[in-house]
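Side-chain atoms are counted along with the backbone in the values below, which use heavy atoms only and exclude waters and symmetry mates.
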Amino acid sequence: MMNYEEFKENLANDVKEQMESKFGSEVTVETRTVEKMNETYDALTVKPEDSIIGVNLNITNLYKEYEDGKDFDSLVNGAAEVAENALSNKPDFNLDAISNYDMMKDKLAIEVVSAERNKGMLETVPHKEIEDMAVVYRFIVGENGPAGVGSILVTNQMLDNYGVSADQLHHDAIRNAPEIRPLVIEGMAEVLAKQMGIEDLEMLGFNIPPEQEQMFVASVEGNIHGAGVLAYQDFMDKAAERAGGSFFILPSSIHEVLIIPDNGKFDTASLEQMVREVNATTVDIADQLTDNVYHYDAEEKVFELAEKFEDRVAAKEADISKGTKAKEISKPHKDRGGEAI
C-alpha cells in the first residue's frame with residue numbers, strides 16, 4: 001500500500017496522463033494546500049495549458065478512500081472525470097472584468113462564516129465581525145450548474161489592486177447582495193411541504209395560522225450561502241415582523257438560519273444543545289456556521305449572542321429590583337405615635 005506522499009505523486013502523474021489523452025493538449029497538474037472556509041486540504045490543481053482557470057481535487061479525501069480499500073485506478077478515473085466535467089462546465093465570464101471593480105461590484109454577494117474556524121483565512125480577506133461570526137464578500141460569476149456556483153472570494157490583495165477600501169466594498173455589497181441573492185423567509189411548515197412536493201398544507205395538517213408558527217427558515221433564493229442574510233440591512237426587521245417580535249436565531253448552516261419567536265417557550269440552554277447535536281450529527285463540517293444561539297431584541301434593536309441577551313436582561317432586572325428596594329428604604333413611614341421618622 002502506498003503512503004500518502006507516494007499516493008499524491010502517483011495520483012498527479014496518472015491524472016495528468018489521463019487528462020492529456022482526453023483533452024488532446026497539455027495540462028498542468030500541481031499539488032498545493034487550499035484554504036477554504038471551514039476547511040484546509042491538500043489539493044491537486046488541474047489546469048489546461050491555455051487557461052488561467054483550473055479545478056481543485058481534494059487529495060486528502062481521495063487518500064482516505066484509498067485507505068478504506070478503494071482501487072487506485074478507479075480513484076484516478078473518478079478524479080479525472082470530475083476535473084473534466086468541472087473544466088467543461090466552467091462559468092462563462094469575462095476574465096478581463098475581474099481586474100475592473102466598477103464592472104465587478106454588481107456581482108457582489110455576502111456570506112457569513114464562523115470567525116473562529118476561519119481565523120487564518122480571515123487574515124487574508126476583508127471582513128466585518130458580527131459577534132463570533134464574520135461577513136465576507138464574493139463575486140458571483142456563474143449560475144448553478146454541474147460544477148456548482150462560480151464565485152470568487154474577495155481578498156485583501158484584490159482590494160489593494162482595485163484601490164477600494166473595505167468600507168466601500170461593504171457598502172456596495174450591502175446594496176447589491178439582496179438584489180442578486182434575495183432574502184427568503186418561510187415557515188417551517190411551508191418548507192417541509194415543499195420538500196415533500198405537496199402544495200396544499202391542509203393535506204399535511206400544516207395549515208398553521210402565521211401567528212402560531214413556531215419556526216421559520218431564512219435563506220436566499222437558491223439556498224446557497226443563505227446565512228449571509230444576517231448582514232442584510234432589513235433582515236432583522238423583516239424577521240421580527242414574521243416572528244411577531246423578538247426572536248432567537250439558530251445557525252442551521254452557512255446556507256440558512258432558523259428563526260424561533262422569543263415567546264417564552266424556549267430557553268437558550270436547550271436551543272444551544274439542539275444546535276450542537278445537529279452540528280455533530282447532521283451538518284457537514286464544511287457547511288457548519290457556529291454552535292451558538294443568537295437573539296434579536298426587537299424593542300431595543302439589538303442583535304447579540306443569546307447568552308449576552310440573558311445577561312443583559314438579568315442585569316436590567318437586578319437594577320429594577322435595586323431601585324425598588326432603595327425606594328422602599330427611603331420612603332417615610334410612621335411610628336405608633338403617627339410621626340414620620
Ignoring hydrogens and angles, state whether a donor on the side chain of Q18 or D14 is under 3.5 Å from an acceptor on the partner side chain.
-> no

Passes side chain to side chain contact (heavy atoms under 4.5 Å, CB included), N61 versus Y41? Steps please.
-> CA-CA 8 Å; N61 285 350; Y41 63 87; over 6 Å; no

Side chain to side chain contact (heavy atoms under 4.5 Å, CB included) evaluation trace for V29 with M19 = CA-CA 10 Å; V29 178; M19 292 296 291; 5.8 Å; no

Give a yes or no answer on whether the side chain of E20 reaches the backbone of V27 with a donor-acceptor pair at less than 3.5 Å.
-> yes

For E221 and P182, indicate whether the former's side chain and the latter's backbone hold a donor-acceptor pair under 3.5 Å.
-> no

Aromatic rings Y294 and F303: how do their planes relate, parallel, tilted or perpendicular, breaks at 30° and 60°?
-> parallel

Please tell me if the side chains of K301 and M236 come closer than 4.5 Å, counting only heavy atoms from C-beta onward.
-> no

Would you say N223's side chain and E256's backbone share a donor-acceptor pair under 3.5 angstrom?
-> no

Is P251 close to V275 at the side-chain level, that is, under 4.5 Å between some pair of heavy atoms?
-> yes

Give, for atom CZ of F139 and atom CD1 of I98, the distance between the pair rounded to the nearest 0.5 Å.
-> 9.0 Å

Taking D262 for the side chain and G245 for the main chain, is one N or O donor matched with an acceptor at less than 3.5 Å?
-> no

Reported CG-to-CD distance for the pair N279 and Q288, which is rounded to 0.5 angstrom | 4.0 Å

Spatial distance of atom CZ (R276) from atom OG1 (T290) [nearest 0.5 Å] | 10.5 Å

How about E9: does its CD atom have over 12 heavy atoms from other parts shown lying under 6.0 Å from it?
-> no

Quick one: sort the F247 and Y296 rings into parallel, tilted or perpendicular, breaks at 30° and 60°.
-> tilted

Is T124 close to M121 at the side-chain level, that is, under 4.5 Å between some pair of heavy atoms?
-> yes

Residue pair V154 / M104, side-chain heavy-atom distance below 4.5 Å | no

To the nearest 0.5 Å, what is the distance between OH (Y137) and OG1 (T155)?
-> 13.5 Å

If every non-hydrogen atom of R312 is compared with every non-hydrogen atom of E304, which pair is closest and at what distance?
-> NH2-OE2, 2.7 Å

Flag side-chain contact, heavy atom, 4.5 Å: I174 against I110 = yes

Side-chain heavy atoms of V135 within contact of H127, under 4.5 Å = no

Does atom CD of E241 have more than 12 heavy-atom neighbours from other groups under 6.0 Å away?
-> no

Atom of A173, atom of L108 and distance for their closest heavy-atom approach | N-CD1, 3.8 Å

Can you check whether K128 reaches D167 side chain to side chain, under 4.5 Å on heavy atoms?
-> yes

Would you find a donor on one side and an acceptor on the other, under 3.5 Å apart, between the side chain of H255 and the backbone of H225?
-> yes

Worked check of side chain to side chain contact (heavy atoms under 4.5 Å, CB included) between N56 and R32 = CA-CA 9 Å; N56 290 326; R32 64 193 185 100; 3.4 Å; yes

Checking side chain to side chain contact (heavy atoms under 4.5 Å, CB included) for the pair L289/M133: CA distance, chi angles, key distance, verdict?
-> CA-CA 8 Å; L289 190 46; M133 298 176 288; 4.0 Å; yes

Mind checking whether I254 and V278 sit in one hydrophobic cluster, side chains of I, L, V, M, F, W, Y counted as touching below 4.5 Å?
-> no

Ring centres under 6.0 angstrom apart (Y66, F7) = yes

CD-CG distance between Q157 and N161, expressed to the nearest 0.5 angstrom | 5.0 Å

Under a 4.5 Å side-chain heavy-atom rule over Ile, Leu, Val, Met, Phe, Trp and Tyr, are L62 and M2 clustered together?
-> yes

Say whether L183 and L230 are linked into one hydrophobic cluster, either directly or through other cluster members, by side-chain heavy-atom distances under 4.5 angstrom.
-> yes

Are any of the side-chain heavy atoms of I185 and F235 separated by less than 4.5 Å?
-> yes

Among L258, N292, V257, the one residue meeting side chain to side chain contact (heavy atoms under 4.5 Å, CB included) with L250 = L258

Heavy atoms of other groups near E116 CD, more than 12 under 6.0 Å | no

Nearest heavy-atom neighbours spanning V46 and L57 | CG2-CD1, 4.0 Å

Working to the nearest 0.5 Å, report the span between OG1 of T33 and CG of D42.
-> 4.5 Å

Test log, rule salt bridge (charged side-chain N to carboxylate O under 4.0 Å, His left out), inputs K107 and D172 = CA-CA 10 Å; K107 303 180 188 301; D172 291 338; over 6 Å; no

Establish whether V283 and I224 are linked, either directly or via other cluster members, by ILVMFWY side-chain heavy-atom contacts under 4.5 Å.
-> no

R117 and D132: CA distance, side-chain angles, deciding distance, salt bridge (charged side-chain N to carboxylate O under 4.0 Å, His left out) verdict | CA-CA 10 Å; R117 288 177 181 154; D132 59 344; over 6 Å; no

If every non-hydrogen atom of A218 is compared with every non-hydrogen atom of V229, which pair is closest and at what distance?
-> CB-CG2, 4.4 Å

Determine the minimum heavy-atom distance between N100 and D102, stating which atoms define it.
-> OD1-N, 3.0 Å

Work out which heavy atom in M158 is nearest to a heavy atom in L153; give both atom names and the distance.
-> SD-O, 3.5 Å

Donor-acceptor pair, side chain of E6 and main chain of N3, under 3.5 angstrom = yes

